[in-house]
Amino acid sequence: MAPPLRSVQEFLHAPAAGTVVLGGWVEDVRNLGSIAFILVRLRDGTVQVAAKKKADESLFQELTKLTRESVVEIAGKVVENKEARHGREVQPAQLSILSPADTPLPLGVVDKVGVEFDTRLDNRTVDLRKPATRAIFEVRSLLEAGLRHELARLGFIEVHTPKLAGAGAEGGASLFQTDYFGRKAFLSQSPQLYKQMLMATGLDRVYEIAPAFRAEPSDTVRHVTEFTSFDAEMAWIEGQEDVLKVLEAVVAGSLAYVKEKGSAPLGVLGVDPRVPALPLPRLRYPEALEILQAQGKRVRDGQDIDTEGEKILGRAMADKGHEMFFLTEYPTAIKPFYVMAQAEEPEYTWSFDLEYKGDEMASGGQREHRIDALRDSLKRKGLDPAGFEFYLSAFRYGMPPHGGWGLGIDRLTQKMLDLPNIREAILFPHDRNRLVP
RNA sequence: GCCCCGGUGGUCUAGCGGUCUAUGAUCUCGGCCUGUCGAGCCGAGUGCCCGGGUUCGAAUCCCGGCCGGGGCGCCA
């Protein structure tokens, strides 16, 4: 057989009365006795094959015995017909079963009954045959392409840092430990230290889109143990504001990119994400506390804002028309050692979170680039500077002021598409309980 | 990890001490049907998460485990 058509679009452009080969999955077989319809699913839709018993009885038998989701190639003639999908169908001449599907299916691609998410994940390759499931990843791909597009425009280069680490990085989050030829090694929880080290080199605007691993036993719809982190770091900043400006431009630009290029998958999903107007509001930590207080939620100054508080703030800002905003100047006590404390009020930092629809998308800020202050900060957090020599050495021989952020791509995809669970935005999500597939 | 709720054919559900030889749908298999497009009609098939316990009797009650859903903590 000739090479198969790869899409409905190609099928629609094939000459009428000409011969085509359809390659795809058998979505359904409707046998009416003397005529049968076989729906063949291609990447962008289904094409109907209409087989008549009297035309070729043995071919008719073969076609009507096909099990759903089998992979086939069917050669035949293109016939215009008002009653067919797309106004045309295929009159079959030859069938080749490339890969028969077992019955029954673990979940029906076009069944009318619901399927639990866990069953879908156990059978993800079948689940991904649903256009609405696949559309999520088409959008996600565009989102990443949009980020790269904006970052290139702003002079950033893409880098890749080690995912196997010899030492625990930032403290706090638990690390997955593994064996490295008899030595202890850890899966990287973040490229934080490496991307900062690059700021000392002249590669002064870098970003990375890569996996990050957290051994936190978090069990929520917004946590997984393996996620995709979008990190960026930029040198020669004058302050936190320089970082905010870049991040908001990159995120808004990427959303606009998705809307421009992704009308097909967005249509399948029935969502129309808003591109936020810039600049995004900057809500300072003390202001956030005031809003919370006014809503009857007490948070002591210097403490972190809990999930409930975060949701309240999200709603308060949404009421003012902002589904995305920055929460800035967090207390020093609840931030990692590498953030820069404010000179006038050292109990607060030049740091921020990016909030979107009530969830945290990114966190970042200006970093401490003065080695003495950095050493003090490590000690104050109860960490031993000796364990961070490889990192500190980058500061010893000249480090410009710098800042950056880490953003969860999976979360951004989830919230942009209003998905109920971060796992919907990950092909093969891994969490506390799930490691397979 | 903690709190609340749950686990019934391949899938999704009803049942919540005997009336269960377990409901319905979907699915699978077989049959009928020349225009289906959530095809229709007829027939058949497959099941109570695991381990203890209570009871004359457990899908149903109790305990433990595993798994799932929601929430919290933590964060991307």
Side-chain angles (χ1 to χ4, degrees), chain A residues 27-39 45-55 60 64-65 67-69 79 81-87 89 91 101-123 126-127 170 172-174 188-192 209-231 304-311 330 334-336 353-356 359-364 405-415 420-423 425-426 431-434:
Chain A
E27 186 163 290
D28 202 7
V29 177
R30 300 195 182 120
N31 183 358
L32 278 65
S34 299
I35 188 168
F37 301 98
I38 294 90
L39 304 182
T46 61
V47 170
Q48 172 167 296
V49 173
K52 289 183 178 168
K53 194 183 218 168
K54 65 179 185 191
F60 185 87
T64 52
K65 283 214 169 73
T67 56
R68 297 196 306 165
E69 297 304 319
V79 178
N81 188 330
K82 282 196 294 286
E83 289 178 285
R85 297 182 178 202
H86 315 298
E89 62 192 11
Q91 234 172 51
D102 271 0
T103 59
L105 296 165
L107 63 95
V109 176
V110 289
D111 280 6
K112 301 106 199 166
V113 294
V115 192
E116 288 199 356
F117 192 32
D118 207 43
T119 304
R120 292 173 45 210
L121 290 179
D122 282 337
N123 302 279
V126 179
D127 182 47
E170 308 166 33
S174 342
S188 169
Q189 61 173 209
S190 154
Q192 182 65 34
I209 296 176
F213 306 89
R214 303 275 164 95
E216 294 280 359
S218 299
D219 211 350
T220 78
V221 293
R222 57 192 181 281
H223 289 89
V224 284
T225 48
E226 181 177 10
F227 65 97
T228 303
S229 186
F230 160 44
D231 279 83
D304 206 356
I305 296 166
D306 62 16
T307 304
E308 187 195 9
E310 194 177 11
K311 304 276 180 226
Y330 274 91
I334 58 169
K335 280 286 162 183
D353 280 0
L354 176 64
E355 296 283 327
Y356 182 32
D359 269 333
E360 183 181 335
M361 292 297 111
S363 71
W405 69 81
L407 181 151
I409 294 273
D410 323 273
R411 275 192 190 174
L412 184 58
T413 308
Q414 177 197 357
K415 296 310 268 190
N421 194 317
I422 190 172
R423 294 163 182 78
I426 301 173
D431 59 35
R432 192 168 157 63
N433 287 310
R434 178 177 292 278

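Keep in mind it's a predicted model, so treat the numbers as computed, not measured. Letters A, B, ... are given to chains in the order of the sequence lines, protein chains preceding strands, and every chain is numbered from 1.
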Nearest-Å distance, [atom1] ([X]) to [atom2] ([N])?
{"X": "A:Leu39", "N": "B:C37", "atom1": "CG", "atom2": "P", "answer": "10 Å"}
{"X": "A:Asp431", "N": "B:G70", "atom1": "CG", "atom2": "P", "answer": "11 Å"}
{"X": "A:Glu226", "N": "B:A76", "atom1": "CD", "atom2": "C1'", "answer": "14 Å"}
{"X": "A:Lys311", "N": "B:G71", "atom1": "NZ", "atom2": "C1'", "answer": "11 Å"}
{"X": "A:Asp102", "N": "B:U11", "atom1": "CG", "atom2": "C1'", "answer": "16 Å"}
{"X": "A:Arg68", "N": "B:U28", "atom1": "CZ", "atom2": "C1'", "answer": "9 Å"}
{"X": "A:Leu105", "N": "B:C12", "atom1": "CG", "atom2": "P", "answer": "13 Å"}
{"X": "A:Ile334", "N": "B:C75", "atom1": "CD1", "atom2": "C1'", "answer": "12 Å"}

Pairing partner (Watson-Crick or G-U wobble, both distances under 3.5 angstrom) of [N]:
{"N": "B:G6", "value": "B:C67"}
{"N": "B:G45", "value": "B:C27"}
{"N": "B:U34", "value": "none"}

Which nucleotide, [options], lies nearest any side-chain atom of [X]?
{"X": "A:Pro106", "options": "B:C12, B:G10, B:G35", "result": "B:G10"}
{"X": "A:Ser218", "options": "B:C74, B:U28, B:A76", "result": "B:C74"}
{"X": "A:Asp118", "options": "B:A76, B:C67, B:U13", "result": "B:C67"}
{"X": "A:Glu360", "options": "B:C75, B:C29, B:U28", "result": "B:C75"}
{"X": "A:Leu32", "options": "B:C74, B:G35, B:U11", "result": "B:G35"}
{"X": "A:Asp219", "options": "B:C74, B:U11, B:C72", "result": "B:C72"}
{"X": "A:Arg214", "options": "B:G35, B:G71, B:C75", "result": "B:C75"}
{"X": "A:Ala84", "options": "B:C33, B:G35, B:U28", "result": "B:G35"}
{"X": "A:Val224", "options": "B:A76, B:U34, B:U36", "result": "B:A76"}
{"X": "A:Ile422", "options": "B:A76, B:U13, B:U34", "result": "B:A76"}

Can you tell me whether the side chain of [X] and the base of [N] have a donor-acceptor pair closer than 3.5 Å?
{"X": "A:Arg411", "N": "B:C75", "result": "yes"}
{"X": "A:Glu89", "N": "B:G35", "result": "yes"}
{"X": "A:Lys54", "N": "B:U34", "result": "yes"}
{"X": "A:Glu83", "N": "B:U36", "result": "no"}

Within the 4.0 Å heavy-atom criterion, would you say [X] contacts the bases, only the backbone, or no part of the nucleic acid?
{"X": "A:Ser229", "result": "nothing"}
{"X": "A:Glu310", "result": "base"}
{"X": "A:Asp306", "result": "sugar-phosphate"}
{"X": "A:Gln48", "result": "base"}
{"X": "A:Gly114", "result": "sugar-phosphate"}
{"X": "A:Arg222", "result": "base"}
{"X": "A:Asp359", "result": "nothing"}
{"X": "A:Gly33", "result": "base"}

Is the phosphate of [N], meaning OP1 or OP2, less than 4.0 Å from a side-chain N or O of [X]?
{"X": "A:Asn433", "N": "B:G68", "answer": "yes"}
{"X": "A:Ser363", "N": "B:A76", "answer": "yes"}
{"X": "A:Thr220", "N": "B:G70", "answer": "no"}
{"X": "A:Ser34", "N": "B:U34", "answer": "yes"}

If we take the [atom1] atom in both [N] and [M], what is their distance in whole Å?
{"N": "B:G43", "M": "B:A59", "atom1": "C1'", "result": "28 Å"}
{"N": "B:G52", "M": "B:G10", "atom1": "P", "result": "23 Å"}
{"N": "B:C27", "M": "B:G65", "atom1": "C1'", "result": "32 Å"}
{"N": "B:G9", "M": "B:U19", "atom1": "C1'", "result": "23 Å"}
{"N": "B:G47", "M": "B:G24", "atom1": "P", "result": "16 Å"}
{"N": "B:G57", "M": "B:G38", "atom1": "C1'", "result": "44 Å"}
{"N": "B:C5", "M": "B:C48", "atom1": "P", "result": "26 Å"}
{"N": "B:U26", "M": "B:A58", "atom1": "C1'", "result": "29 Å"}

Requested in this report: Ignoring hydrogens and angles, tell me if any N or O in the side chain of A:Thr119 forms a donor-acceptor pair with the backbone of A:Val115 under 3.5 Å.
Outcome: no

Report task. Would you check if the side chain of A:Asn123 reaches a backbone N or O of A:Val126 as a donor-acceptor pair within less than 3.5 Å? Result -> no

Report task. Could you please spell out the steps behind the side chain to side chain donor-acceptor pair (under 3.5 Å) verdict for A:Arg85 and A:Thr46? Result -> CA-CA 8 Å; A:Arg85 297 182 178 202; A:Thr46 61; 2.6 Å; yes

Pairwise side-chain contact, [X] with [Y], heavy-atom cut-off 4.5 Å (strictly under):
{"X": "A:Arg68", "Y": "A:Val110", "answer": "yes"}
{"X": "A:Thr307", "Y": "A:Arg222", "answer": "yes"}
{"X": "A:Arg411", "Y": "A:His223", "answer": "yes"}
{"X": "A:Asp353", "Y": "A:Met361", "answer": "no"}

Query raised in the report: Quick one: do A:Asp431 and A:Arg423 make a salt bridge, cutoff under 4.0 Å?
Result: yes

Query raised in the report: Does a side-chain N-to-carboxylate-O contact under 4.0 Å join A:Lys415 and A:Asp410?
Result: no

Query raised in the report: Between A:Thr67 and A:Phe117, which is nearer to the 5' end of RNA chain B once each is assigned its nearest nucleotide?
Result: A:Thr67

Query raised in the report: 5'-most contact on RNA chain B: A:Ile409 or A:Glu116, nearest heavy atom basis?
Result: A:Glu116

Query raised in the report: Under 5.5 Å between ring centres and under 30° between planes: true for A:Phe227 and the base of B:A76?
Result: yes

Query raised in the report: CG of A:Leu105 to OG1 of A:Thr67: how many Å apart, nearest 0.5 Å?
Result: 7.5 Å

